[in-house]
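This report refers to the structure that appears directly beneath it.
Letters A, B, ... mirror the listed sequences (proteins, then strands); counts begin at 1. What you see below is based on every heavy atom in this structure, not just the backbone, and it leaves out hydrogens, waters and symmetry mates.
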Amino acid sequence: MPFVPHTPDDIVAMLDTVGVASIDDLFDEIPAELQIGELAAIPAGMAEMDIGRLMQSRARADGQPLCFIGAGAYDHHIPAAVWQIATRGEFYSAYTPYQAEASQGTLQLLYEFQSMMVALTGLDVSNASLYDGASGLAEAVLMAVRANRKVKSEKVLVPRSLHPAYRRTLRSIVSTQGIELVEVPFDPRGGHTAIEALDALAEQGPYAALVVNQPNFFGVLEDVDALTDWAHDRDALVIGVVNPVALALLSPPGDWGKTGADIACGEAQPLGMPLASGGPYAGFLCCRQEFVRQLPGRIVGRTLDLDGKPGFTLTLQAREQHIRRNKATSNICTNQGLLVTAATIHMTLLGAEGLERVAAACHANTARVTQLLCALPGVEPLFDRPVFHEQALHLPAPAADVLRSLAAHSILGGCDLSLDYPELDPAVLVCATEMRTGEEMQSYASKLGRIIATRTQAPSPVAPEI
Amino acid sequence: MLIHDRSRPGRRAAAQAPLAMPEVTDIPAALRRRSRPALPEVSELQAVRHYTRLSQKNFSIDTHFYPLGSCTMKYNPRACNTLAMLPGFLARHPLAPESHSQGFMACLYELQEMLKEVTGMHAVSLAPAAGAQGELAGVAMIRAYHLARGDLARTEILVPDAAHGTNPASAVMCGFKVREIPTGPDGDVDLAALEQAVGPRTAGIMLTNPSTVGVFDRNIQAIAARVHAAGGLLYYDGANLNAILGKVRPGDMGFDVIHMNLHKTFSTPHGGGGPGAGPVGVSARLESYLPVPLVAFDGEEYRWLAEHERPESIGRLTAFGGNMGILLRAYIYARLLGREGMRRVSEFATLNANYLMARLKAAGFDAAYPQRRASHEFIITLKREAKELDVNAMDFAKRLLDYGYHAPTTYFPLLVPECLLIEPTESESKEDLDGFVAAMIAIREEAQTNPELVKTAPHTMPVRRLDDVRAARQLDLAWQPQGQQQGST
Ligand SMILES: Cc1ncc(COP(=O)(O)O)c(C=O)c1O
C-alpha cells in the first residue's frame, strides 16, 4: 500500500487495542447515509514509473520555446546549489517554525532573508513572505490604509502602468473592504506617471497611499523621487512596487525622495525561482520601523535563550490570526517558506556584485533585442523614456497574430499589450534576460522580420508559408 | 553564526553570475543606486555548507515523527517533487500561449476533476495559494451571492470557537462581522447556541468537520438544514479532509463552498511555512463566482477561463493564478494513490489516531473527549498534570523534542486547557506510535521525579528555550552592517 506502512498483523493488533473489529467501525459516528462507496470518477492508482512516464510526456508536450516574455516573471539562471539545498528534506518537509528550538535552521534562514530584503530595499524591516507580488501589494495597500494616521482615507492611488494582473488581484482582495482604487493614467509619450496626472486627481483626495512602480509594467523608469515627495506633501504613504534584481542597479525605496518610501513590496521570483507556470513564487513586504506592528505575515526576531545564547523565534505574533483571530492584520498563515529558502541561498550565492551583473546583463540584452527588432519596418519603441530590462514595442501588424506565428516557430515573442491596453494596440512587451544569447536574439529578429513582411505586403495569391 | 558573519569584502561565488558586467549608461544617475546593498560575500562552498548546516538544525517529516495536529505532517513522496520539477514544467512561462501549455493544463484540469469527485462539489478552482486564501475566496463568494440577490442585510459569519484563527480573520477581510458559536461538552457544535445566533443577518457559517477538536460533528445535517433555512450558506474548512478522504464528502454534508489544503491532504511539502495550495469547491449556485483562472476542456483542447470569460468571478488572487508547482505535486500524489489509495489515507490516518489515543488513555493520560471516536487527530489535556505536577503542556511539548519527537500542536484549540492536539497521519508505523507513547510516559515520570528537567526542556536542541518577551520588546529583525544606520545606504 503506497505510503501506508501497516502490515496485516499491525492492523489486527491496533484494532484490538482500540477495541473495534474493523477499520469501518472507526467511522461509526458518521451518519451512515453520508458514507459513500467507491469514488468511481477517480482513476486507479499508478506505480511511480508509470506516473513518471506520463509526467515526462506532458512536460515534453509543451516544448521549451525561446522566451522573450517577462511581464512579471523572469527567466534567470538559478545556481545549481539553490534547489539542491532547498529541497533537502529538513527544509522541504518542515512545518512553519512554531517550535523554535526544533526549527532554528528555518528561523535563522528567515532572519537572513529579512536582512537581505532590508539591504535591497533600504527600509528597516521585512516580513518572511506573502503569497506573491500581487497579493503582497494587496496586503501593502491594506496595511497603508491602517497605518496612515494623518489621513483617514480609504482611497489609494494606483497607476495604470502597474501590471494589469496586479491591478486585478488588488481589486479582488481589497474591494470587499471598501477600499477605493483610483487609477492614475500614464503619460502617452513617456509611459511614466507624470506629476500633472497626480495633480489632476488631487482634488478627489485625500489619499491614504500612492503606489509607485519601479520599473513600471512597461519597463519604464518612474521619477520615484518626485512621486514620493508629491505623496508625502499630501500626507499619503508611498508603497514602492519593485523588482529585487532591478534594485541591484536602481535607487532603493528607502532612498526615494526626501524621506524615502514607507512600504516596499514585490515579487521575489527573480531571486532563484523557476518560471514554473506562475508559481509558487513569493511576495516580499518591507516597511519603516514605525509601521512594523501593521506588517502582516511571519516575522522572525533574534533573541537569547535561557543560557544567554542567541537564537531565533517568530515574533510580534500578536499581529497574527492564530493569536488575534478577527482582529489580526491579515488572515495569512501558510506563506511561501520554501521559496524564501531558495531566494536566500540565491542572494547569498550571487551577492551584491552578482545581482548587479545579472541586472546589467538583462538590461543590455533587452537593449540589444530592442535594437534588432526596431531595425525592422514598423517596429518602434512605444515610449521615449529610459527603461529597465523590458521594452514596449509598437508592431506594424496585429500583436496576437504575430505572436501566434512566432510561437509556431517556438519563440514566445513577448506579452500582448493590446489585451489590457487597447489604446496601445498593436503592441508587445519584450524582455531578454541574461539567459538569452546573441544568436537567439538574432533568430527572433529574423523570424519577426519575415512575419512582418508577409503581413504588410499586398495579399499574395499563394498562402503565406508562416 | 549568520551568513553575514562569514562575509569578507571582495569574496564571491564567481561561477554564479554572468562573466561580463556590461556598463549601464542609459539610466539617469538620479535613479541609480548609490552604494551596493549589504548582501553576504562568500564562496560557493561557504554558502552550501552554511545552509546545509542550517537545515540540520530543523526537525522535519523526513527526519522525525511530527504529530502536529491540524497540520497533517505526512510523508511527502519524493516522486512528486522530482516530477513536478521536470525541466519542461519549470521552464514554462505563465503567459505562454495555450498552444504550448496543453500538457501542463491537462494535469490541472484532471486535478480539478478529481477534487470535485472527492469533495462532492459541483466545480473547483485551483487558484487560491493556501488555505487562508481559499477561505478569503470562499467568503467572498458567499458575499457575492447574497449581494447578487439584493440580500444586503447579511452581515455576519458564524464561526465556532474551536475554529482555526484564519476563519474569523478571513471573514473580517471580506467585510463581515464574526459571531462566535460555542462548542458543546461532547465536542459537537452547541446547537442551542447556534439556534440563537442564526437568523436574517447570517451570511454563512464556517465549519471544520471533523472539527479541530478531533471529532466528527454528528449533527452536521441538522446544522446545514438550520443555516440553509435561515438563508445562510455553509463554508467547509477542508484542513481536516485527510480524516474523511474517500469516505464522506463535504458536498453530501450540505456545504456550499469549501477549501482544501493540498499541503495537508494531498501531501505537498510544508516547506518550513509554505507554499501551500488552497483550491476552492462550490455548489452549483456559486459556480459563476469562482476565482480565476479555471481550466476548461472541450474534449480536444484545454483553455484558460479568466476574467473575460468569467465576468461574475470574485477575481484573481495572485498575479499568475496560483501555486502551480504545488498543484502539480498534488496531481502526481493523487494519481499515485488512485481511488483506493485515497480511501486508505483516511482509513489509516483514523486507525493511527484512534490507536494512539487508546494507548495514551491506557497509559493514564486524559483525552479531551474520551467517549468519542478520534478522527484523524485527537486532544490530550494535561490539566491534571499541570495541577498536580506543575508541569504543563508546553513543558511536555519541549521535552518531547529531546526524545526526538516534534511536539504536537499546543494550546490550540483554545477551549481545551493544557491541550496537545495530536495528528499521527497514515504514514507512520505502529513502532513509531509506540515510541511516542513510551516518550510521553517517560516524560510524565520525569515530571514526578525531576520536574525541573521537564520545565527547563529542551536540553539537546541547538538552543534552549528562547526569550520571546525579549524578542518582542527589543526588536532585532535584521542584521545591521557595523557602524551603519539602516535605511540610509
Ligand atoms: C483548521 C485549519 N484551517 C485553516 C488553516 C489555514 O490554512 P493555511 O495555513 O494553508 O492558510 C489551517 C492550517 O494552518 C488549519 O489547520
Side-chain angles (χ1 to χ4, degrees), chain A residues 5 10 14 18 39 41-42 44-45 55 58-59 61-62 79 88-90 93-96 101-102 104-106 115 118-119 131-132 134 165 168 172 176 254 274 276-280 301-303 305-306 311 313 315 321-322 325-326 328 331 334-338 348-349 352 354 357 361 364, chain B residues 13 16-18 22 36-39 47 54-55 57-62 83 86 88 90 92 94 103 117 129-130 132 165 168-170 172 174 178 269-276 315-316 318-320 323-325 338-339 341 348 354-355 429-430 461-464 466 471 476 478-479 487:
Chain A
D10 289 339
M14 293 170 84
V18 179
L39 291 166
I42 307 266
M55 297 309 284
R58 287 195 173 162
D62 294 344
R88 282 178 65 90
E90 299 94 326
S93 72
Y95 196 72
T96 300
E101 300 87 345
Q104 285 297 298
T106 290
S115 304
V118 160
Y131 303 128
D132 81 327
R168 290 197 289 261
S172 35
T176 52
S277 293
R302 181 157 58 171
T303 183
D305 76 356
L306 280 176
T313 185
T315 193
Q321 46 75 28
H322 61 285
R325 301 177 74 83
N326 54 338
N331 67 342
T334 292
N335 46 104
Q336 306 289 115
L338 193 66
T348 297
L349 283 169
R357 281 172 184 261
Chain B
Q16 304 308 340
R36 279 197 176 147
L39 297 181
L54 278 193
S55 78
K57 295 185 179 183
N58 273 359
F59 276 33
S60 66
I61 303 172
D62 283 3
L83 297 175
L86 288 172
L90 294 189
R92 190 181 161 278
E117 172 76 359
S170 301
V172 167
C174 290
V178 170
H270 282 88
R316 181 172 291 270
T318 57
F320 298 115
N323 280 338
M324 302 304 184
R339 65 175 89 92
F348 286 87
N354 279 281
Y355 172 75
S429 69
K430 177 170 175 294
M461 296 293 107
V463 292
R464 298 187 59 203
L466 291 157
D476 173 359
W479 173 84

Taking ring pair (Phe, Tyr, Trp, His ring centres under 6.0 Å) as the definition, give me every residue that meets it alongside B:Y355, ordered by chain and number, with sequence neighbours left out. none
Write down the atom of B:P37, the atom of A:A352, and the distance for their closest heavy-atom approach. O-CB, 3.4 Å
Of all residues at least two apart in sequence or in a different chain, which pass the salt bridge (charged side-chain N to carboxylate O under 4.0 Å, His left out) check with A:D305? none
For A:G311 against B:V463, the heavy-atom pair lying closest together: CA-CG1, 4.1 Å
I need the residue from B:M461, B:R464, B:M324 with the largest number of non-hydrogen atom pairs under 4.5 Å to chain A. B:R464
Top residue by heavy-atom pair count (under 4.5 Å) with chain A, among B:T318, B:N354, B:V178? B:T318
Among A:A276, A:A328, A:A134, which has the most heavy-atom pairs under 4.5 Å with chain B? A:A276
Donor-acceptor pair, side chain of B:E117 and main chain of A:A41, under 3.5 angstrom: yes
Say whether, by atom type as modelled, one donor and one acceptor occur between the side chain of A:D132 and the main chain of B:A319 under 3.5 angstrom. yes
Given side chain to side chain contact (heavy atoms under 4.5 Å, CB included), test A:Q104 with B:L466 step by step and report yes or no. CA-CA 11 Å; A:Q104 285 297 298; B:L466 291 157; 3.5 Å; yes
Using a cut-off of under 4.5 Å on heavy-atom pairs, state which of B:P22, B:G272, B:G341 scores highest against chain A. B:G272
Highest number of heavy-atom pairs under 4.5 Å with chain A among B:G274, B:A169, B:G338, B:A132 belongs to B:G274
Let's test your reading of the structure: which of B:S170, B:G88, B:S60 forms the most heavy-atom pairs below 4.5 Å with chain A? B:S60
When you measure from the side chain of A:N326 to the backbone of B:V172, do you find a donor-acceptor pair of N or O atoms at a distance under 3.5 Å? no
Please give me the minimum heavy-atom distance between B:P168 and A:R325, naming the atom from each residue. CG-CB, 3.7 Å
Out of A:T106, A:V18, A:L39, which one racks up the most heavy-atom pairs below 4.5 Å with chain B? A:L39
Check: B:D62 main-chain N/O paired with A:S93 side-chain donor or acceptor under 3.5 Å: yes
The test is side chain to side chain contact (heavy atoms under 4.5 Å, CB included); show your working for A:Q336 and B:N323 and say whether it passes. CA-CA 10 Å; A:Q336 306 289 115; B:N323 280 338; 3.3 Å; yes
Sort B:L90 into side chain, backbone, both or neither according to what part of it lies under 4.5 angstrom from a heavy atom of chain A. both
For chain B, which candidate among A:A61, A:A94, A:A59, A:G45 shows the most heavy-atom pairs at distances under 4.5 Å? A:A94
If you count heavy-atom pairs under 4.5 Å with chain B, which of A:T348, A:L306, A:T176 comes out on top? A:T176
Is it true that B:R316 and A:S172 share a donor-acceptor pair across their side chains at a distance under 3.5 Å? no
Select, from A:P280, A:A364, A:A44, A:A165, the one with the greatest count of heavy-atom pairs under 4.5 Å involving chain B. A:P280
B:R339 to A:I42 - nearest heavy-atom pair and separation: NE-O, 2.8 Å
If we define contacts as heavy-atom pairs under 4.5 Å, which of A:R302, A:E101, A:R88 has the most with chain B? A:E101
Which one, B:A47, B:S429, B:G315, B:P18, leads in non-hydrogen pairs under 4.5 Å with chain A? B:P18
